[in-house]
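Quick notes on the structure that follows.
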Amino acid sequence: MHTLNMLWCAHNEEVWLRRQKRDKNRQCMENIREMPATLFVQQFRLDKTTFQALCHELRHKTSLKGTKEIPLNVKVLCTLSFLATGSYQRIVGVSQHLAQRTASRCIRQVIDALNHSAIMEKWIKFPKTQQDRAYIKQEFQRRFGLPGVIGCIDCTHIALVKPNHEEHLFYNRKGYHSLNVQMVCDSNLLILNVNAKFGGATHDSHIWSSSRVELYMRELHQNNEQVWLLGDSGYPQRPWLMTPILNAVEGSREHRYTQLHVQARNCIERCFGLLKARWRCLLRDRVLHYHPRVASKITMACCVLHNIALQAGLPPPQPLPAALDNGDDTLMQDPTSTVFVGSQSEVIQGRAMLSCLLNRI
């Protein structure tokens, strides 16, 4: 009995010492002031000032809280590290002196906080006022010579593990399971709208026709406001959505328009590239090992952080990945191969609006 008590005491002392060492290491992680600024941005993708502002915002606008054992800023650091590297949680947890289960719980809590309505509404905003739309239009016209443009739209695939339910909805035409995420960005690569609810088997045009942004653009047109988005030929030509003119005769107005269209629409491809370069958990070769619903939240959180980094003026990470699986490669797709939903009058109106645009170039 005495021997058992001795063993029990020794075990308790070992556990206590291990906890003391872990708590001391966590406290060291809290003190980020001593970390070189360049190393901090490289590891966490945000600078220290922006990181502290993010922690303050999450603390006061969401239900995210820290504890005596794991302060809020350690939870956020753990999550930023995971999103920036795409590493498995055990690796992230060890680097932050957290157990794998604890790291997983921290990441989920911070991801949920970044998806809070107060955070989303602040950082991902479609231009709702004429003043906001006028600014975006001016920037597109100044840079690319196209009037009336308030955003570029496309979809990108975010790889995930094979889901247990409704697997066929997520198996895309490229041969892997994914989310097909629709985004709209401006000429500064700022994300204006995100729809991450659909599986990889869903066509871009279906996501567009089911989205709130399509309804909003339609309402703007009905109110006689001549503004439009730029999409590739995988989308239907509409008065509020301009697509390229395939097989245009070189030297013609149609050819000139398509050249400008391609140059301007490249903003969304660059946006995808920067998003995935900064938050590499979204890269094709990382694969999110989560349920599609959680993968959707992770994608939305990365979009929020993308906009935060852009607003802070942070440079893109170096080096950039050699190859990024960005868009849906439909720029030169034959429009007859895609079934577009809509009335014949919308098709006619879309062509008429495109004709008016050609006359303004």
Side-chain angles (χ1 to χ4, degrees), residues 120-155 182-195 204-245 253-254 256-272 303 307 310 327 330-331 335 340-361:
M120 296 296 299
E121 290 170 5
K122 176 181 177 180
W123 291 106
I124 300 182
K125 297 183 295 185
F126 197 78
K128 291 296 182 69
T129 67
Q130 285 192 346
Q131 183 178 0
D132 291 339
R133 292 191 290 273
Y135 173 77
I136 297 176
K137 285 193 296 183
Q138 290 173 4
E139 286 296 297
F140 270 106
Q141 182 151 14
R142 181 180 65 84
R143 296 184 183 189
F144 305 106
L146 279 176
V149 180
I150 62 170
C152 301
I153 184 171
D154 202 357
C155 289
Q182 176 184 280
M183 296 187 199
V184 179
C185 78
D186 66 11
S187 60
N188 295 314
L189 314 188
L190 199 69
I191 296 173
L192 306 177
N193 181 265
V194 189
N195 188 340
D204 296 4
S205 60
H206 176 74
I207 300 175
W208 161 248
S209 63
S210 305
S211 65
R212 293 181 180 179
V213 71
E214 195 276 343
L215 180 61
Y216 187 74
M217 292 298 296
R218 184 189 296 267
E219 290 175 352
L220 290 178
H221 174 73
Q222 291 172 349
N223 292 330
N224 298 317
E225 188 171 347
Q226 292 188 358
V227 293
W228 36 75
L229 302 178
L230 299 181
D232 62 28
S233 58
Y235 291 95
Q237 172 67 45
R238 293 291 183 266
W240 48 88
L241 177 61
M242 295 295 150
T243 61
I245 299 175
R253 288 186 308 171
E254 290 78 5
R256 173 62 177 160
Y257 156 78
T258 299
Q259 286 182 318
L260 295 176
H261 185 289
V262 170
Q263 293 170 10
R265 205 193 67 84
N266 184 250
C267 290
I268 190 65
E269 300 296 342
R270 290 165 50 215
C271 178
F272 290 152
C303 291
N307 282 358
L310 281 183
T330 53
L331 177 61
F340 296 136
V341 179
S343 66
Q344 185 65 25
S345 64
E346 289 180 350
V347 176
I348 296 173
Q349 291 171 15
R351 291 172 180 171
M353 188 62 71
L354 176 56
S355 179
C356 292
L357 176 58
L358 291 175
N359 293 329
R360 294 173 61 182
I361 296 176

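What you see is a predicted model, and the numbers here were worked out from it, not measured in a lab. The chain is numbered in sequence order, starting from 1. Scope of the values below: all heavy atoms of this structure, side chains included, with no hydrogens, waters or symmetry mates.
- Within the 3.5 Å criterion, the main-chain N or O of Trp208 finds a donor-acceptor partner in the side chain of Gln182.
- Of the possible polar contacts, none joining the Tyr216 side chain to the Phe126 backbone as a donor-acceptor pair under 3.5 Å is found.
- Within the 3.5 Å criterion, the main-chain N or O of Ile191 finds a donor-acceptor partner in the side chain of Asn307.
- Annotation: Gln226, atom CD; neighbour count of heavy atoms from other residues, nucleotides and ligands within 6.0 Å does not exceed 12.
- Taking every heavy atom of both residues into account, Phe144 and Gln263 meet most closely at CE2-O, 3.6 Å.
- Taking the six-membered ring for Trp and thresholds of 30 and 60 degrees, Trp240 and His221 have ring planes inclined between 30 and 60 degrees apart.
- Side-chain N/O atoms of Arg218 and Asn223 include no donor and acceptor closer than 3.5 Å.
- Closest of all the heavy-atom pairs between Leu241 and Pro236 is CD2-O, 3.4 Å.
- From Leu229, atom CG reaches atom CD1 of Ile150 across 5.5 Å, with rounding to the nearest 0.5 Å.
- To the nearest 0.5 angstrom, Leu189 atom CG is 8.5 Å from Ile268 atom CD1.
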- Walk me through it: do Glu225 and Arg133 pass the test salt bridge (charged side-chain N to carboxylate O under 4.0 Å, His left out)? CA-CA 10 Å; Glu225 188 171 347; Arg133 292 191 290 273; 2.7 Å; yes
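- Looking at Arg265, its side chain never comes within 3.5 Å of a backbone N or O of Leu230 through a donor-acceptor pair.
- Using a 4.5 Å heavy-atom cutoff, the side chains of Val227 and Met217 are in contact.
- Here the side chain of Asn188 pairs no donor or acceptor atom with the backbone of Leu190 at under 3.5 angstrom.
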- Under the side chain to side chain contact (heavy atoms under 4.5 Å, CB included) criterion, do Val262 and Asn266 qualify, and how do the steps go? CA-CA 6 Å; Val262 170; Asn266 184 250; 5.9 Å; no
- How far apart are the C-alpha atoms of Arg143 and Glu139, what are their side-chain angles, what is the distance that settles it, and do they pass the salt bridge (charged side-chain N to carboxylate O under 4.0 Å, His left out) test? CA-CA 6 Å; Arg143 296 184 183 189; Glu139 286 296 297; 3.4 Å; yes
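- Taken to the nearest 0.5 Å, the SG atom of Cys303 stands 14.0 Å off from the CH2 atom of Trp123.
- The aromatic rings of Tyr257 and His261 stand perpendicular to each other, their planes meeting at an angle above 60°, with 30° marking the opposite boundary.
- Not one N or O on the side chain of Thr243 forms a donor-acceptor pair closer than 3.5 Å with the backbone of Asp232.
- In this structure, the separation between CD on Glu219 and CZ on Arg212 is 12.0 Å, given to the nearest 0.5 Å.
- Atom OG in Ser187 sits 12.0 Å away from atom CD in Gln141 (nearest 0.5 Å).
- Residues Pro127 and Leu192 are in side-chain contact: their nearest non-hydrogen atoms beyond the backbone lie under 4.5 Å apart.
- With rounding to the nearest 0.5 angstrom, the CZ atom of Arg270 is 10.0 Å from the SG atom of Cys152.
- Distance alone, capped at 3.5 Å, is enough to place a donor-acceptor pair between the Ser209 side chain and the His206 backbone.
- Summarising the geometry of Ser233 relative to Pro244, their closest heavy-atom pair is N-CD, 3.8 Å, with the distance given to 0.1 Å.
- Residue-environment remark: CZ (Arg142) exceeds the threshold of 12 foreign heavy atoms within 6.0 Å.
- Just one of Val194, Ile124, Ile153 meets the side-chain contact (heavy atoms from CB on, under 4.5 Å) condition when paired with Val184; it is Ile153.
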- Query: Does the pair Asp154 and Met183 meet the rule for a side chain to side chain contact (heavy atoms under 4.5 Å, CB included), with working shown?
  - Reply: CA-CA 6 Å; Asp154 202 357; Met183 296 187 199; over 6 Å; no
- Could you walk me through whether Leu146 and Phe140 pass side chain to side chain contact (heavy atoms under 4.5 Å, CB included), step by step? CA-CA 6 Å; Leu146 279 176; Phe140 270 106; 5.6 Å; no
- Check the pair Arg238 / Gln349 against side chain to side chain contact (heavy atoms under 4.5 Å, CB included), numbers first and verdict last. CA-CA 7 Å; Arg238 293 291 183 266; Gln349 291 171 15; over 6 Å; no
